[in-house]
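In what follows, a structure is listed as structure tokens, so that the remarks can point back to it.
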Amino acid sequence: MTDTVRETAGETEIPQFPGVRAAKCPFDPPPELRALQQNGTLAKVRLWNGSTPWFVTRHAAQKEVLSSPKVSADVTKPGYPIHTRAFGGGGLSFILKDDPEHARLRRMVQAAFTVRRVETMRPAIQRIVDDLIDQMLAGPKPVDLVEAFALPVPSLVICELLGVPYADHDFFQHNSKTIIKRTVTPEDRAVAFGRLHEYLDGLVAQKLDDPADDLLSKVAARVKDGELTREEAAQMGVLLLIAGHETTANMIALGTLALLQHPGQLALLRETDDPKLVASAVEELLRYLNITHSGRRRVAVEDIEIGGQVIRAGEGIIIPNDIGNRDPEVFPDPDRLDVRRDAHRHVAFGFGVHQCLGQSLARVELQVVYGTLYRRIPTLKAAVPIEEIPFKHDGQVYGVYELPVTW
């Protein structure tokens, strides 16, 4: 066990772990965190506020913790390992609650995200992807893939699903970026959340008076029936809107960059029409990249034994998915990107009752993107060296701010 991670010289510091710096390869977890994994299943790390939560390094132990009733996802409980000074948990709805409240709220929207329901959206997602590629091909180059493609794809999809006007995308994208930025002040985060909350509350009010065939209208119907408060409905809308576009947008851009850096793997995707290979590539990229680099956070509500050590009630726990998905006991040669690998056991979407609600939608979006973009633009390439690409080391969601590409 180590009391704190070591200070090292090198690249950008990772804000939530003092002394930890980004790996030289931008797709790999920080070397200090990998060293903790090599030393055992559990370690202690020191956070920005001086607290020392447990760090669960192994894939099997991570799944054990995430599925245990002895741990809580409630950010208000003493000992919860807060991400940053600005993080208050506001607006994140049921993902930071425990059952039965978590289950009650999640059940109200989960029907929209089932595999069967999401599959009916595949043709519409394909049209969105093709239309955006047409616009790219007709426009000037180089072009920023984030602005022209990676961000619009999931934004258009989640707006259609929720019933949010896409014309407002600049507003909600700006405020969602502020909310998930690690270096933002508490005051600026509160202002951004307040703006989004007011916006979604207004949309819920509109759906109460004039419902349509969209998810916010179904949420509004729950309000009318007395099953939800307006506050709960607005918070749920904020969560679904942010999670519905930020995570997938970063996976599209970062996954494309990773493939451009691995031309042999890119060629496999570019030259295939096999949906099984495309689906396999999505799972492998989710494992290899894993954009939630701040880890899942929990606090023990009872003593729990993990890896032969006891985590006491009231102690914080961090489950870093990025190194869990690089566990050599589960994924041989884990630092190698192999789109033909069976990577379905990854924990990119978490595990247990809090496993990502939108994972089926994300999978379909990524399958359509990765199965289309490189076939339609076979000569796609980065327009600048990787050293000039700005990475999101300051965000709760990892990715790139820009990805200039040409063909």
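Numbering starts at 1 and runs along the sequence shown. Heavy-atom basis, side chains included; hydrogens, waters and symmetry copies ignored.
The two residues A148 and V143 come nearest to each other via the heavy atoms CB-CG2, 3.6 Å. Across L145 and M136, no two heavy atoms sit closer than the pair CD1-CE, 3.7 Å. Heavy-atom minimum distance, R230 versus A205: NH2-CB, 3.8 Å. Shortest non-hydrogen contact noted between L132 and P152 is CD1-CB, 3.8 Å. Pairing each heavy atom of S155 with each of Y166, the nearest pair is CB-CE1, 3.7 Å. Taking all atoms of both residues into account, the shortest heavy-atom contact from V400 to N250 is N-OD1, 4.0 Å.
Ring orientation note: the planes of Y398 and F391 are close to parallel, at an angle under 30° on the 30°/60° scale. Note: H245 and F172 have perpendicular aromatic rings, judged against thresholds of 30 and 60 degrees for the angle between ring planes.
With a 6.0 Å cutoff to the six-membered ring centre and a 45° limit on the axis angle, K44 counts as a cation-pi contact of W54. R375 forms no cation-pi arrangement with Y370, by the criterion of a distance under 6.0 Å to the ring centre and an angle within 45° of the ring axis. For the pair R341 and F331, the cation does not sit on the ring face, since its NZ or CZ is not both under 6.0 Å from the ring centre and inside 45° of the axis.
For the pair V45/P53, a side-chain contact is recorded, criterion being any heavy-atom separation below 4.5 Å from C-beta on. Side-chain contact between Y401 and V146 is absent, with no heavy atoms from C-beta onward closer than 4.5 Å. In this structure, the side chains of I125 and V369 stay at 4.5 Å or more apart for every pair of heavy atoms. Within the 4.5 Å cutoff, the side chain of L161 has heavy atoms near those of the L361 side chain. The shortest distance between side-chain heavy atoms of H354 and R298 falls below 4.5 Å. Side-chain contact between V129 and V153: present, with at least one pair of heavy atoms (C-beta onward) separated by less than 4.5 Å. In this structure, F193 and I242 have side chains that are not in contact, with every pair of non-hydrogen atoms separated by 4.5 Å or more. Side-chain atoms of P328 and Q37, non-hydrogen and from C-beta on, do get closer than 4.5 Å to each other.
Ion pairing of D327 with R34 is absent here, as no side-chain N (NZ or NE/NH1/NH2) approaches a carboxylate O to less than 4.0 Å. Look at R336 and D338 and you find a salt bridge, because one of the NZ, NE, NH1 or NH2 atoms lies within 4.0 Å of a carboxylate O, short of that distance. Ionic pairing of E232 and R104 is present here: one or more N-O contacts between side-chain nitrogen and carboxylate oxygen are shorter than 4.0 angstrom. The pair R363-E283 counts as a salt bridge, with a side-chain nitrogen and a carboxylate oxygen less than 4.0 angstrom apart. Checked for salt-bridge contact, E119 and R116 miss the test: no charged N lies under 4.0 Å from a carboxylate O.
L228 contributes atom CG, which lies 14.5 Å from atom NZ of K218 (distance to the nearest 0.5 angstrom). Rounding to the nearest 0.5 angstrom, the gap separating the CG atom in L241 from the CG atom in L162 is 6.0 Å. Taking CG of L216 as the start and CG of L240 as the end, the distance is 8.0 Å to the nearest 0.5 Å. The CZ atom of F149 sits 11.0 Å away from the CG atom of D131 when rounded to the nearest 0.5 Å. Expressed to the nearest 0.5 Å, how far CG of L33 lies from CD1 of I323 amounts to 5.5 Å. Atom CG of residue D28 and atom CZ of residue R326 lie 4.5 Å apart, to the nearest 0.5 angstrom.
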Query raised in the report: For E284 and R287, what are the C-alpha separation, side-chain angles and deciding distance, and is it a salt bridge (Lys or Arg N to Asp or Glu O under 4.0 Å)?
Result: CA-CA 5 Å; E284 172 66 350; R287 179 201 72 84; 2.8 Å; yes
Requested in this report: Apply side-chain contact (heavy atoms from CB on, under 4.5 Å) to the pair K392 and I291, showing each step before the final yes or no.
Outcome: CA-CA 10 Å; K392 294 182 176 180; I291 57 173; over 6 Å; no
Requested in this report: Check the pair R296 / Q62 against side-chain hydrogen bond (donor to acceptor under 3.5 Å, both in side chains), numbers first and verdict last.
Outcome: CA-CA 9 Å; R296 264 70 183 180; Q62 290 184 356; over 6 Å; no
Report task. Applying side-chain contact (heavy atoms from CB on, under 4.5 Å), run through D98 and E101 and close with a yes or a no. Result -> CA-CA 6 Å; D98 296 328; E101 186 69 356; over 6 Å; no
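Annotation: Q126, atom CD; neighbour count of heavy atoms from other residues, nucleotides and ligands within 6.0 Å is above 12. With a 6.0 Å radius and a threshold of 12 heavy atoms from other residues, nucleotides or ligands, E147 has its CD atom at or below the threshold.
Paired with F94 under the rule side chain to side chain contact (heavy atoms under 4.5 Å, CB included), one option of M236, Q235, M108, R107 passes, and it is M236.
Inspection of the S51 and N49 side chains reveals an N or O donor paired with an N or O acceptor under 3.5 Å.
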